[in-house]
Visitor: 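Quick one: the structure is below, and I'll ask about it shortly.
One-based numbering along the sequence shown. Since we're looking at a predicted model, the values are computed, not measured.
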Amino acid sequence: MMIAGVNLSNAGYIMATLLFTLGVGIAEELYFRGIILRLLRRNFSALGAVFLSALIFGGGHASGAFVESNPVMVLLSILNAFLFGWVAAEIALMTKNIIPLMIFHCLFDFFTYQMLASGKETVIIYAVRGTMMTIAAFYLLMKSKSSLEISTPPQNPPPAP
């Protein structure tokens with residue numbers, strides 16, 4: 001069965017993809033938003049921690065160069081990962097909860113792998129997805145100015161005597 005460019009005809013492929021993307025969603029959110037973002041937030045402002053976390057997340061996706069021969073697609077993948085990382089980091093700081101991000105990340109990756117696109121269509125999909133994430137990132141940035149301390153890292157209490 002095909003629904004608007006998504007192939008749902010092979011149950012084995014669907015289950016394997018779902019299990020793979022579930023593992024990736026849980027692991028990447030745990031590492032990047034659960035650990036790295038938390039460590040960065042100790043020493044940087046919210047904006048600095050979000051930026052560095054997204055930069056590390058995007059850079060981590062440069063490994064796509066090992067499987068993709070088109071440098072434009074590799075750069076689009078890194079840019080999309082950076083934007084995804086930015087939005088996810090803002091959401092993690094605002095909600096203080098990464099479980100919904102794990103689920104969203106899994107579904108985001110699942111539908112990315114299920115898409116039947118190649119060539120120019122893939123570039124268009126990356127461009128549209130990147131534009132949507134950029135809009136979401138700026139919206140969350142504007143919203144977060146009122147709920148996060150953008151300029152300073154949190155103050156650590158003095159050690160107990």
Visitor: Any chance you could pull the hydrophobic cluster mates of Val67, using side-chain heavy atoms under 4.5 angstrom and chaining through other members?
Guide: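 Listed partners: none, Val67 stands alone.
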Visitor: Any chance you could pull the hydrophobic cluster mates of Met15, using side-chain heavy atoms under 4.5 angstrom and chaining through other members?
Guide: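 Same cluster as Met15: nobody, lone residue.
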Visitor: Do Phe51 and Ile36 share a hydrophobic cluster, counting only Ile, Leu, Val, Met, Phe, Trp and Tyr and linking them when any side-chain heavy atoms are less than 4.5 Å apart?
Guide: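 Yes, Phe51 and Ile36 fall within the same hydrophobic cluster.
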Visitor: Residues two or more places apart in sequence or in another chain: which of them pass side-chain contact (heavy atoms from CB on, under 4.5 Å) with Ile103?
Guide: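 Once residues adjacent in sequence are excluded, the partners of Ile103 under the side-chain contact (heavy atoms from CB on, under 4.5 Å) criterion are Ile99, Leu107.
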Visitor: Using side-chain contact (heavy atoms from CB on, under 4.5 Å) as the criterion, list what pairs up with Ala89, not counting sequence neighbours.
Guide: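 Testing Ala89 for side-chain contact (heavy atoms from CB on, under 4.5 Å), a comparison that skips the adjacent residues, returns Arg33, Leu37, Val50, Ser53.
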Visitor: Kindly assign one of parallel, tilted or perpendicular to the pair Phe108 and Phe84, based on the angle between their ring planes and the thresholds 30° and 60°.
Guide: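 The arrangement is tilted - the two ring planes meet at 30° to 60°.
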Visitor: For Ser63, give me all partners under side-chain contact (heavy atoms from CB on, under 4.5 Å), at least two apart in sequence or on another chain.
Guide: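 side-chain contact (heavy atoms from CB on, under 4.5 Å) check on Ser63 returns Phe66.
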Visitor: Restricting to pairs with a member in residues 70-84, which pass side chain to side chain donor-acceptor pair (under 3.5 Å), not counting sequence neighbours?
Guide: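 Pairs touching residues 70-84 that pass the test: Asn80-Arg129.
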Visitor: Return a table of donor-acceptor pairs under 3.5 angstrom between the side chains of residues 21-28 and protein atoms on other chains or two or more places apart.
Guide:
{"residue": "Thr21", "atom": "OG1", "partner": "Thr17", "partner atom": "O", "Å": "2.9"}
{"residue": "Thr21", "atom": "OG1", "partner": "Leu18", "partner atom": "O", "Å": "3.2"}
{"residue": "Glu28", "atom": "OE1", "partner": "His105", "partner atom": "NE2", "Å": "2.9"}

Visitor: So, using ring-ring contact (aromatic ring centres under 6.0 Å, His included) as the criterion, who are the partners of Phe20 when residues are at least two apart?
Guide: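 Phe20: ring-ring contact (aromatic ring centres under 6.0 Å, His included) contacts with Tyr113.
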Visitor: Could you see if Phe44 belongs to whatever hydrophobic cluster contains Ile56? Use Ile, Leu, Val, Met, Phe, Trp, Tyr and a side-chain cutoff under 4.5 Å.
Guide: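 Yes, it is one cluster - the side chains of Phe44 and Ile56 are joined through contacts under 4.5 Å.
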Visitor: Are Leu19 and Phe110 in one and the same hydrophobic cluster, where Ile, Leu, Val, Met, Phe, Trp and Tyr link if side-chain heavy atoms are under 4.5 Å apart?
Guide: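 Not linked; separate clusters.
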Visitor: Honestly curious: do Leu52 and Leu47 fall in one hydrophobic cluster under the side-chain, below-4.5 Å linking rule?
Guide: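 Yes: a chain of side-chain contacts under 4.5 Å links Leu52 to Leu47.
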Visitor: Could you work out, with side-chain contact (heavy atoms from CB on, under 4.5 Å) as the rule, every residue matching Leu30, not counting sequence neighbours?
Guide: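 Listed in chain order: Ile98, Met102.
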